[in-house]
*Asks:* 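Encoded as structure tokens, here's the structure I'll be asking about.
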Amino acid sequence: MKKLIGGLGGAIGSRYLKNKNQLVFVEYSGFISKLDLVQSVASIVSKGTAVINGTWLFDCETGSMLAPAATLDLWWEQMT
């Protein structure tokens with residue numbers, strides 16, 4: 001059995017909030033607590049500075065530019 005939350009003596013009732021993916025419950029002590037069922041963890045994939053030329057594609061993960069034939073993260077048309 002996996003312990004989900006510490007300091008909980010017991011719960012009287014609970015409700016699942018589907019839109020937030022949370023379990024909300026009333027403890028015997030009267031406190032209302034929540035448990036996030038899916039925790040999102042953000043991480044930095046790439047960090048740095050770069051000069052991005054116009055009318056080229058840029059890959060945010062690798063920090064590289066490729067010609068417009070590729071499918072990558074950023075592109076804009078530079079008007080002269």
*Asks:* Roughly how far, to the nearest 0.5 Å, is the CZ atom of Arg15 from the CG atom of Leu23?
*Replies:* 11.5 Å
*Asks:* For the CD1 atom on Ile12, are there more than 12 heavy atoms of other groups (residues, nucleotides or ligands in this structure) within a distance under 6.0 Å?
*Replies:*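 Atom CD1 in Ile12 is packed in, count exceeds 12.
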*Asks:* Can you confirm whether more than 12 heavy atoms, excluding those of Tyr16, are under 6.0 Å from its OH atom?
*Replies:*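 Counting neighbours around OH of Tyr16, more than 12 heavy atoms of other residues, nucleotides or ligands fall under 6.0 Å, so yes.
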*Asks:* In terms of hydrophobic clusters joined by side-chain contacts under 4.5 Å, are Val26 and Tyr28 together?
*Replies:*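 Yes, one cluster joins them.
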*Asks:* Can you get from Phe31 to Leu35 by hopping between Ile, Leu, Val, Met, Phe, Trp and Tyr side chains that sit under 4.5 Å apart?
*Replies:*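 Different hydrophobic clusters.
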*Asks:* Given side chains that start at C-beta, do those of Ile32 and Val24 come closer than 4.5 Å, heavy atoms only?
*Replies:*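 Side-chain contact under 4.5 Å: yes.
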*Asks:* Mind checking the CG-NZ spacing from Leu17 to Lys34? Nearest 0.5 Å is all I need.
*Replies:*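 Those atoms lie 9.5 Å apart.
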*Asks:* Work out which heavy atom in Ser14 is nearest to a heavy atom in Phe25; give both atom names and the distance.
*Replies:*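 In terms of heavy atoms, the two residues are closest at CB-CB, 3.7 Å.
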*Asks:* Using the test side chain to side chain donor-acceptor pair (under 3.5 Å), find all partners of Ser64 that sit at least two apart in sequence or belong to another chain.
*Replies:*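 Ser64 satisfies side chain to side chain donor-acceptor pair (under 3.5 Å) with Thr62 only.
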